[in-house]
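Inspection log for the structure reproduced underneath, given as structure tokens.
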Amino acid sequence: MSGEQDRRFMARAIELASNGLYTTDPNPRVGCVIVKDGVVRSEGWHERAGGPHAEVAALQHAGADAEGSTVYVTLEPCCHFGRTPPCADALIGARVAKVVVAGLDPNPLVSGKGLEKLREAGIAVECNVLTAEAEALNPGFIKRMRRQLPYVRCKVAMSLDGRTAMASGESQWITGEAARKDGQLYRARSSAIVTGIGTVLADDPSLNVRLSGEHNPAMAKFTDADQPLRVVLDSRLQMPAHARMLTLPGRVLVYTRSQDQQRKEKLRQAGADVAVIENESQHLDLVSVLQDLARRQVNEVLVEAGARLNGAFLTRRLIDELVFYIAPSLMGDQGKGAFHLPELTRMSQKVALNVVETRQIGVDWRIIARLKDTE
């Protein structure tokens, strides 16, 4: 097929992969299109971990039509036994003629080995078709496999003059309903939501996803089992056992430096997991926290916190992406800011960002930005 046709069918596979945006954790989002004689014969995508991978779902729908076909898949077919058998074996067994992939699987158990297995079976292979577009669906999985760290987003709702709350602490609601629902979708795609104990003590947040298929069709198969892990950074273990988030479906993980066994046991009885991070500082080491989350197969982290924790992540250059929701309002210079940073006295010290997207969401604006030296 022509390069243009390859891109068209791969674009469709990427569109299919996005159906799993909120449900595949900790697996990547993958889509597959099976084409024969220039006609799409079958489609599939990975819906959730433990279920059929995209290639297997598409092959099941294709039946005998898969023989001699060209298969477009957004990630290299796996070649190892995990929760399901290898997809490379399924493609070989179906006697497909060619496999076109967007890119190699960053998982070292697979990377390059899946395509090599297909070649050894006499199947033609082509790689790197719409690679960047496919990788954009899986930034967390890719970063975790390559660097043993999750992809970190920091979400901030603020006024036009950069305030996240009034001086009194009142913050509901800075942005409108549309922006708040959009922010819920970022929660839904995240493996974990991270906040600080200060936010818990001040606001007693739920930090859960409160959308359904009625609000967004892509959320139709989201269940309580898909709720992101709620993570509280609490160096002195001040987390209340009656915190609202502990009464809701989903898991809660508290990171601490405290060795207070009585407090730990009380939280565990309330349903929380407690993990101790040992370091010399009085504050939790954020890199150690992120590394531990990666070991727990967390792909994408959403930081929803106050200025101090936001500032700590930013100062350590641990944020991959900033998501700002900006309301058309002013809250004055006595309001609370978004990032507590060390005193910046020279323009050369300012934190430079690259804005990658601006979009109006209801009456508010969403701006997505990245640190210039982390792209």
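The shown structure was predicted, so the numbers you read here are calculated from the model rather than taken from an experiment. In what follows, residues are counted from 1 in the order of the sequence shown.
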Quick one: does [X]'s side chain get under 4.5 Å of [Y]'s, heavy atoms only?
X: Leu314; Y: Leu371; result: yes
X: Arg29; Y: Asn19; result: no
X: Leu318; Y: Val152; result: no
X: Ile174; Y: Met331; result: yes
X: Ser18; Y: Leu137; result: yes
X: Glu265; Y: Gln262; result: no

Treating [X] as the side-chain partner and [Y] as the backbone partner, does any N or O pair qualify as donor plus acceptor under 3.5 Å?
X: Lys113; Y: Pro108; answer: yes
X: Arg263; Y: Leu237; answer: yes
X: His46; Y: Pro52; answer: yes
X: Gln184; Y: Arg210; answer: yes
X: Ser111; Y: Pro106; answer: no
X: Glu76; Y: Asp105; answer: yes
X: Asp161; Y: Gly332; answer: yes
X: Arg268; Y: Val274; answer: yes
X: Ser329; Y: Ser159; answer: no
X: Asp204; Y: Arg244; answer: yes

In this structure, would [X] and [Y] fall into the same cluster of hydrophobic residues linked by side-chain contacts under 4.5 Å?
X: Phe324; Y: Val363; value: no
X: Leu118; Y: Val56; value: no
X: Val351; Y: Leu322; value: yes
X: Val73; Y: Leu91; value: yes
X: Val156; Y: Val194; value: yes

Would the number of heavy atoms belonging to other residues, nucleotides or ligands and lying under 6.0 Å from [atom1] of [X] be above 12?
X: Glu278; atom1: CD; answer: no
X: Arg308; atom1: CZ; answer: no
X: Glu357; atom1: CD; answer: yes

Closest approach of [X] and [Y], non-hydrogen atoms and distance?
X: Ala88; Y: Lys117; value: CB-CD, 4.2 Å
X: Met10; Y: Val101; value: CE-C, 3.6 Å
X: Ser69; Y: Ile34; value: OG-CG2, 3.4 Å
X: Val209; Y: Pro228; value: CG2-CD, 3.7 Å
X: Gly337; Y: Thr164; value: O-OG1, 3.2 Å
X: Leu160; Y: Leu330; value: CB-CD2, 4.0 Å

Anything under 30° is parallel, anything over 60° is perpendicular, the rest tilted; go ahead and classify Tyr72 against Phe9. tilted
Hey, what do you get for [atom1] ([X]) to [atom2] ([Y]), rounding to the nearest 0.5 Å?
X: Arg236; Y: Ile197; atom1: CZ; atom2: CD1; answer: 9.5 Å
X: Glu304; Y: Ile193; atom1: CD; atom2: CD1; answer: 5.5 Å
X: Arg251; Y: Arg230; atom1: CZ; atom2: CZ; answer: 10.0 Å
X: Leu149; Y: Asn299; atom1: CG; atom2: CG; answer: 12.0 Å
X: Glu321; Y: Ile368; atom1: CD; atom2: CD1; answer: 5.0 Å
X: Lys143; Y: Leu290; atom1: NZ; atom2: CG; answer: 7.0 Å

Distance alone, cut at 3.5 Å: any donor-acceptor contact between the side chains of Arg370 and Asn354? no
Looking only at the side chains, is there a donor atom on one of Asp25 and Ser191 sitting less than 3.5 Å from an acceptor on the other? yes
[X] bridged to [Y] by N-O distance under 4.0 Å:
X: Arg296; Y: Asp292; result: yes
X: Asp285; Y: Arg316; result: yes
X: Lys181; Y: Glu177; result: yes

Ring center gap for Phe222 and Tyr22 short of 6.0 angstrom: no
Given the rule in the salt bridge (Lys or Arg N to Asp or Glu O under 4.0 Å) test, do Asp226 and Lys221 qualify, once you have shown the distances and angles that lead to the verdict? CA-CA 9 Å; Asp226 300 309; Lys221 296 191 177 182; over 6 Å; no
